[in-house]
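Written out below as structure tokens is the structure these notes cover.
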Amino acid sequence: MPFQFSKQEKLKSRSIIGDLFDKGLSLKQSPLKLIYAKIDPPLEPKIQFAVAVPKKSFKGAVERNRIKRLIREAYRLNKGEFFNNIEGSYALLFLYLGKEMPTFDTIEKPLISILENLINRTNEK
RNA sequence: UUUACAGGCGGCCUUAUCGCGCUUUAUCAAAUAAAGUGAGGAAAGUCCGGACACCGAAGUGCAGUAUAGCGGGUAACGCCCGUCGCCCAUGUGUUUAAUAUGGGAAGGACAAGUGCAACAGAAAGAAUGUACGGGUAAUGCCGUAGUGAAAUCAGGUAAACUCUAUACGGUGCAACGCCAUGUAAAUCAGUGUUUGAGGGUUGCACGCCCAAAUUGAAGGGUAGGCGGAUAGAACUUAGCGGUAACGCUAAGUCUAGAUAAAUGAUAAGGAAGCUCCAUUUAUGGAGUUACAGAAUCCGGCUUAUAGCCUGUAUUAAAC
RNA sequence: CGGGAUGUGGCGCAGUCUGGUAGCGCACACGGCUGGGGGCCGUGUGGUCGCAGGUUCAAAUCCUGUCAUCCCGA
């Protein structure tokens with residue numbers, strides 16, 4: 001079941017999200033930015049995921065929803081490749097920093113490269 | 001065929017591979033499977049009106065806010081319908097008047113009081129001028145001229161204060177109820193109290209309530225979870241009443257309920273409209289297809305909007 | 001979801017309550033003082049008063065609608 005993305009995998013806790021902004025580590029690959037942190041004690045689905053698009057860049061709710069859906073889709077299709085055998089529990093938060101409407105391709109490529117970097121970092125430790 | 005106005009529809013269809021929310025069924029549960037279902041006319045702005053919920057009195061007075069011909073519709077409204085007067089445009093008529101059609105608008109009161117009117121002008125409210133003409137015994141008086149938006153009339157102005165009539169308790173689903181977690185000030189109930197600072201209660205006043213101590217009881221916050229929460233002033237069709245808004249009756253239908261927030265992604269093909277180009281005048285090629293995403297729920301208003309359909313009026317061309 | 005404020009020359013502000021002339025500082029242009037710069041002095045340019053409609057003889061000002069920006073509460 002590598003391509004599913006259910007409700008449980010969404011990062012929902014307000015306090016964890018607040019901590020991410022305070023002391024999370026970040027990886028950037030334009031137009032995306034990933035903020036992540038290792039969570040201890042581990043969460044139930046070990047990897048939890050969230051998306052955010054700033055209201056300042058995109059005023060309309062339709063555009064913001066569209067970008068969030070694209071990012072979520074790209075994450076859903078690629079997460080199995082990276083996280084199936086990972087150690088530890090992580091919270092991930094993707095931010096979209098671009099100013100123009102993306103297509104699926106312009107989302108997927110930087111997302112893959114960010115995930116590769118993330119895996120490399122966690123293995124080094 | 002052009003333009004304007006009014007009303008309606010409004011990101012289409014198929015296949016493949018993945019995927020999401022909710023409901024029901026199957027399994028002890030979890031996970032899973034199957035079936036069903038899943039954004040709008042504005043879901044938006046939050047400008048009005050309600051439903052619904054709560055408040056230690058939500059009381060009295062003042063203040064404040066809103067509305068404004070008349071009649072009707074409605075749960076209610078500042079919304080909608082009809083109508084009278086007013087204003088504008090066009091046609092007929094034409095010295096004026098009148099009349100037809102269409103459109104517009106917050107349309108009570110200035111003989112209750114207070115205020116305001118730049119510049120110009122003699123004068124803008126306790127003011128009656130100047131010139132010419134008329135008239136008279138003479139003055140008062142009458143007309144014309146000039147300034148100005150308004151000039152002799154106790155005028156104009158209330159989208160000036162104000163007055164009159166009517167309506168309004170306050171706060172809002174982040175209301176409110178419940179569950180789990182559990183340290184202290186704090187809360188609730190009973191007993192009790194003289195003075196009174198102080199505090200609370202709707203902007204103010206009155207009024208009302210609280211307040212030491214002691215006994216007893218159950219809990220509150222803590223970005224957590226559940227309920228509130230989706231069947232309703234609902235929708236569709238038919239008949240009847242009404243100029244209309246709308247109402248009544250009957251039959252049928254079930255029509256989103258998320259919560260860092262579901263309704264999507266990729267690929268291929270197709271249909272229709274519009275624009276541009278080419279020409280064998282009917283085809284080919286290219287481009288484009290809006291505004292925009294439910295968040296307690298309804299009724300309005302306002303704003304955004306490609307294209308299509310219907311109706312009315314109008315313009316031009318051809319026959 | 002609820003509440004509040006602000007839009008005026010290039011920039012920062014006053015004027016709005018109480019309607020008739022849009023003003024101040026900085027900046028800009030020209031001239032003067034100086035050998036030159038800075039500084040000071042003088043003169044000048046520059047504003048659909050966010051937008052639309054209405055009331056009025058007359059609107060930055062009053063009324064209605066609308067757009068944008070900012071702030072606050074939970």
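Throughout, a chain's letter reflects where its sequence line sits, starting with A, and its residues are numbered from 1.
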Between U266(B) (P) and I71(A) (CD1): distance, integer Å: 14 Å

Say you pick atom C1' in G107(B) and the same atom in A158(B); how far apart are they, in whole Å? 14 Å

Name the closest nucleotide to the N65(A) side chain, picking from A261(B), C18(B), A39(B). A39(B)

How close or far is atom C1' of A260(B) from atom CZ of F94(A), stated in whole angstroms? 15 Å

Closest listed nucleotide, where the reference is the side chain of A50(A) and the choices are A292(B), C18(B), A260(B): A260(B)

Spacing between R76(A) atom CZ and G19(B) atom P, to the nearest angstrom: 6 Å

R64(A) CZ to A292(B) P, in whole Å, measures 13 Å

Any strand counts, and the cut-off is 3.5 Å on both contacts for Watson-Crick or G-U wobble. Which nucleotide pairs with G9(C)? none

Working for side chain to side chain contact (heavy atoms under 4.5 Å, CB included), residues L70(A) and Y96(A): CA-CA 11 Å; L70(A) 285 171; Y96(A) 184 78; over 6 Å; no

Spacing of the P atoms in G192(B) and A211(B) (rounded, Å): 14 Å

I want to verify the glycosidic state of U255(B); is it syn or anti under the 90° rule? syn

Using Watson-Crick or G-U wobble geometry with both distances under 3.5 Å, which nucleotide pairs with A22(C)? none

May I ask you to verify if any side-chain N or O of R69(A) is less than 4.0 angstrom from the OP1 or OP2 atom of G293(B)? no

Can you tell me the base-pairing partner of A212(B)? Count Watson-Crick or G-U wobble geometry only, both distances below 3.5 Å, and say none if there is no partner. none

When both hydrogen-bonding distances must be under 3.5 Å and the geometry is Watson-Crick or G-U wobble, what is A231(B) paired with, if anything? none

Taking the side chain of F104(A) as its heavy atoms from C-beta onward, which of A292(B), U266(B), A39(B) lies nearest to it? U266(B)

So I71(A) and L32(A), do their side chains get closer than 4.5 Å, heavy atoms only? yes

Rounding to the closest angstrom, what is the interatomic distance between A76(B) and A44(B) at atom P? 27 Å

Would you check, one step at a time, whether the test side chain to side chain contact (heavy atoms under 4.5 Å, CB included) holds for I114(A) with Y36(A)? CA-CA 11 Å; I114(A) 285 179; Y36(A) 70 97; over 6 Å; no

When rounded to the nearest Å, what value does the distance between P atoms of U314(B) and G103(B) take? 13 Å

Determine the interatomic distance between C1' on U74(B) and the same-named atom on G227(B); round to the nearest Å. 34 Å

How far does the C1' atom of C9(B) sit from the matching atom of A51(B), given to the nearest Å? 32 Å

C1' atom, A39(B) versus U67(B): distance in rounded Å? 37 Å

Provide, to the nearest angstrom, the distance between the NZ atom belonging to K68(A) and the P atom belonging to G21(B). 16 Å

Taking the chi torsion of A39(B), is it syn (within 90° of 0) or anti (everything else)? syn

Grab the CD-P distance between Q48(A) and A260(B) for me, whole Å please. 12 Å

For G35(C), what is the paired nucleotide under Watson-Crick or G-U wobble rules, both distances under 3.5 Å? none

Can you tell me the Watson-Crick or wobble partner of U56(C), both distances under 3.5 angstrom? none

For L93(A) and L70(A), take the nucleotide of RNA chain B holding the closest heavy atom to each; which residue's nucleotide lies nearer the 5' end? L93(A)

Considering non-hydrogen atoms only, spot the tightest contact between K28(A) and L97(A) and give its length. CE-CD1, 3.7 Å

Hey, mind stepping through F104(A) and E73(A) against side chain to side chain contact (heavy atoms under 4.5 Å, CB included) and telling me if it holds? CA-CA 9 Å; F104(A) 184 73; E73(A) 186 73 6; 3.8 Å; yes

Look at the aromatic rings of Y75(A) and F49(A) and report parallel, tilted or perpendicular, splitting at 30° and 60°. parallel

Judged by whether its glycosidic angle lies within 90° of 0, G311(B) is anti

Using a 90° cut-off around 0 for syn, call G56(B) syn or anti. syn

Base-pairing mate for A267(B) - Watson-Crick or G-U, with both contacts under 3.5 Å: U15(B)

Rounded to the nearest 0.5 Å, the CD1 atom of I35(A) sits from the CG atom of L92(A) at a distance of 11.0 Å

Rounding to an integer number of angstrom, what distance separates A304(B) and U281(B) when you compare their P atoms? 46 Å

Pairing partner of A63(B), by Watson-Crick or G-U wobble and under 3.5 Å for both distances, is none

Might you point out which heavy atoms bring R121(A) and S26(A) nearest each other, and give the distance in Å? NH2-O, 4.0 Å

Rounded to whole Å, how long is the line connecting atom CD of E73(A) with atom C1' of G19(B)? 6 Å

Phosphate OP1/OP2 of A262(B) contacted by R72(A) side-chain N/O (<4.0 Å): yes

Interatomic distance, F49(A) CZ vs G19(B) P [rounded to whole Å]: 16 Å

